[in-house]
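Some notes on the structure that comes next.
Just so we're on the same page: letters track the sequence lines, and every chain starts at 1. Please read these numbers as outputs of a predicted model, since none were measured by experiment.
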Number of protein chains: 2
Amino acid sequence: MMKDTLSLDDVLNKISEDGLRITLPRKGILEILFESDEYLSADEIYSRVHKRYPGVGLATVYRTLILLAEIGVLTKFEFGEGKARYEIAESTTGENHHHVLVCTSCFKVIKYSDFTSDERDCMKRNEQHLEKTHGFSINRHVVQFYGVCRDCQRS
Amino acid sequence: MMKDTLSLDDVLNKISEDGLRITLPRKGILEILFESDEYLSADEIYSRVHKRYPGVGLATVYRTLILLAEIGVLTKFEFGEGKARYEIAESTTGENHHHVLVCTSCFKVIKYSDFTSDERDCMKRNEQHLEKTHGFSINRHVVQFYGVCRDCQRS
DNA sequence: CTACTTGCAAATATTTTGCATGCCA
DNA sequence: TGGCATGCAAAATATTTGCAAGTAG
């Protein structure tokens, strides 16, 4: 039985197990991602990593993000801004549900976890139903509510 | 009480009511969108419109999509491909829920409407809860299940 | 008429790729 | 040491913008 949340060491182990190399850019990028509790874009990650480890280049950030998403330790999101954002996956195997509130005016993203247990049950039932009826193997799901936040409503 | 689904005429009326002009490019783009039941990207819309009305340019397509999304007759989506896709909104005022199954391998998008009524109720309850607790004014929501489709599982 | 729209080309923004060099295991 | 990784620059994509010319109302 796997832990609920991934640690930096879990990820480094996973990288090794997959026959990939643990390098400074990879560690740096993971540090930044683990330190942040927000969805980060590639250039945000780049500027933070590059400040700490000046050798690291933008192309490596992109390549690393793709690779980490492929091995399941990162999740990629898009919120209508025209660029992707990333976050450490909750786990490589278990639940990966991402429920957010997005402001279409300022692109603030609020993750909410105060959903009722029936939302969870409902999504679970649905996932099983869809896997069966459509022959999909489902890995994760995303629930996004789009609207205008309190601050933007005032202006 | 408004109709459930938007017609081309509804949209043209809305454009006029908003003080905007009804032009050939705008009509052409709307024709294409109404004829398709899939999510279309800007360049897909462009090539179809341009074939029918050779004068229409790509920049106009982009500008029109932004404008139509702003007045609420189009909805913009992103499925992790790195580009946006658009669809006629279900209505300018009522329910705008979009539930899909996305293949992360081939980017096939399946809209499903065979969700149980409790999924609908659940989302509705949640929406109201979130509006209250976070002060958002919510316009629409998106539910996306990501996985691998039957065809891609074979390869 | 007049101001909203358009087409085209140029500018941005984001992401990907080629290739010689670097460095982890 | 061998081959995966990296950095840089260039390329590929996607989207936006400036501006003169067109046209709907």
Side-chain angles (χ1 to χ4, degrees), chain A residues 11-32 39-71 73-74 76-86 104 107, chain B residues 11-32 39-71 73-74 76-86 104 107:
Chain A
V11 175
L12 295 179
N13 286 338
K14 172 113 182 86
I15 291 176
S16 287
E17 287 163 15
D18 286 23
L20 302 165
R21 291 178 181 171
I22 295 172
T23 62
L24 187 140
R26 288 177 183 174
K27 269 192 285 196
I29 290 164
L30 285 165
E31 282 174 27
I32 297 303
Y39 299 95
L40 298 179
S41 65
D43 67 291
E44 284 168 353
I45 294 166
Y46 167 70
S47 62
R48 296 182 195 194
V49 174
H50 193 263
K51 186 178 292 178
R52 192 175 301 175
Y53 304 107
V56 178
L58 180 58
T60 299
V61 171
Y62 275 104
R63 279 188 282 233
T64 302
L65 294 174
I66 291 168
L67 182 133
L68 294 174
E70 273 170 2
I71 65 173
V73 306
L74 273 194
K76 176 182 179 179
F77 295 88
E78 289 177 359
F79 300 112
E81 293 166 292
K83 64 185 167 191
R85 291 185 173 273
Y86 295 84
T104 48
F107 285 112
Chain B
V11 175
L12 296 179
N13 287 338
K14 172 112 184 84
I15 291 175
S16 288
E17 286 163 14
D18 286 24
L20 302 165
R21 291 182 182 167
I22 295 172
T23 63
L24 188 142
R26 287 176 184 174
K27 270 192 285 196
I29 290 164
L30 285 165
E31 282 173 26
I32 298 302
Y39 299 95
L40 298 179
S41 64
D43 67 292
E44 284 169 352
I45 294 167
Y46 167 70
S47 62
R48 296 182 194 193
V49 174
H50 192 264
K51 186 179 292 176
R52 193 175 301 176
Y53 305 106
V56 178
L58 179 59
T60 299
V61 171
Y62 275 104
R63 280 188 282 232
T64 302
L65 294 174
I66 291 168
L67 181 135
L68 294 175
E70 273 170 2
I71 65 173
V73 305
L74 273 193
K76 177 182 180 180
F77 295 89
E78 289 177 280
F79 300 113
E81 292 166 292
K83 63 184 168 193
R85 290 184 173 274
Y86 295 83
T104 49
F107 285 112

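Within 4.0 Å (heavy atoms only), B:Gly55 reaches sugar-phosphate atoms of the nucleic acid but no base atom.
One atom, NE2 of A:His50, and another, C1' of D:dC8, lie 11 Å apart when rounded to the nearest Å. Rounded to an integer number of Å, the gap from A:Leu24 CG to D:dT6 P is 9 Å. With rounding to whole Å, B:Leu20 atom CG is found 15 Å from C:dT6 atom C1'. When the P atom of C:dG7 is taken as reference, atom OH of B:Tyr46 falls 9 Å away, rounded to whole Å. A:Leu58 places its CG atom 13 Å from the P atom of D:dT6, with the value rounded to the nearest Å. Atom CD1 in B:Ile66 sits about 14 Å away from atom C1' in C:dT5, given to the nearest Å.
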Any N/O pairs under 3.5 Å between the protein and nucleotides 18-23 of chain D? List them or say none.
unit_1	atom_1	unit_2	atom_2	d
D:dG18	O6	B:Arg63	NH1	3.2

Sort me out a list of protein N/O and nucleotides 10-14 of chain C N/O pairs below 3.5 Å, or just none if empty.
none

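Taking the six-membered ring where the residue is Trp, A:His50 and A:Tyr46 present tilted rings, their angle falling between 30° and 60°.
Proximity of A:Thr64 to the phosphate of D:dA5: no side-chain N or O atom is located under 4.0 Å from OP1 or OP2. At C:dC4, none of the side-chain N or O atoms of B:Thr23 fall inside 4.0 Å of OP1 or OP2 (strictly under the cut-off).
Of the candidate nucleotides C:dG7, D:dG25, D:dT15, D:dT15 has the atom lying nearest to any side-chain atom of B:Ala42.
Defined by atom type and a distance below 3.5 Å, a donor-acceptor pair is missing between the side-chain atoms of A:Tyr86 and A:Glu44.
Both A:Val56 and B:Ser16 lie close to DNA chain D; mapped to their nearest nucleotides by heavy-atom distance, the more 5′-ward contact belongs to A:Val56.
By the 4.0 Å N-to-carboxylate-O rule, A:Arg52 lies close enough to A:Glu31 to be salt-bridged with it.
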Please step through side-chain contact (heavy atoms from CB on, under 4.5 Å) for the pair A:Leu68 and A:Ile15, ending with a clear verdict. CA-CA 8 Å; A:Leu68 294 174; A:Ile15 291 176; 4.0 Å; yes
Quick one, A:Lys83 with A:Glu78, criterion salt bridge (charged side-chain N to carboxylate O under 4.0 Å, His left out). Give me CA distance, side-chain angles, the key distance, then yes/no. CA-CA 6 Å; A:Lys83 64 185 167 191; A:Glu78 289 177 359; over 6 Å; no
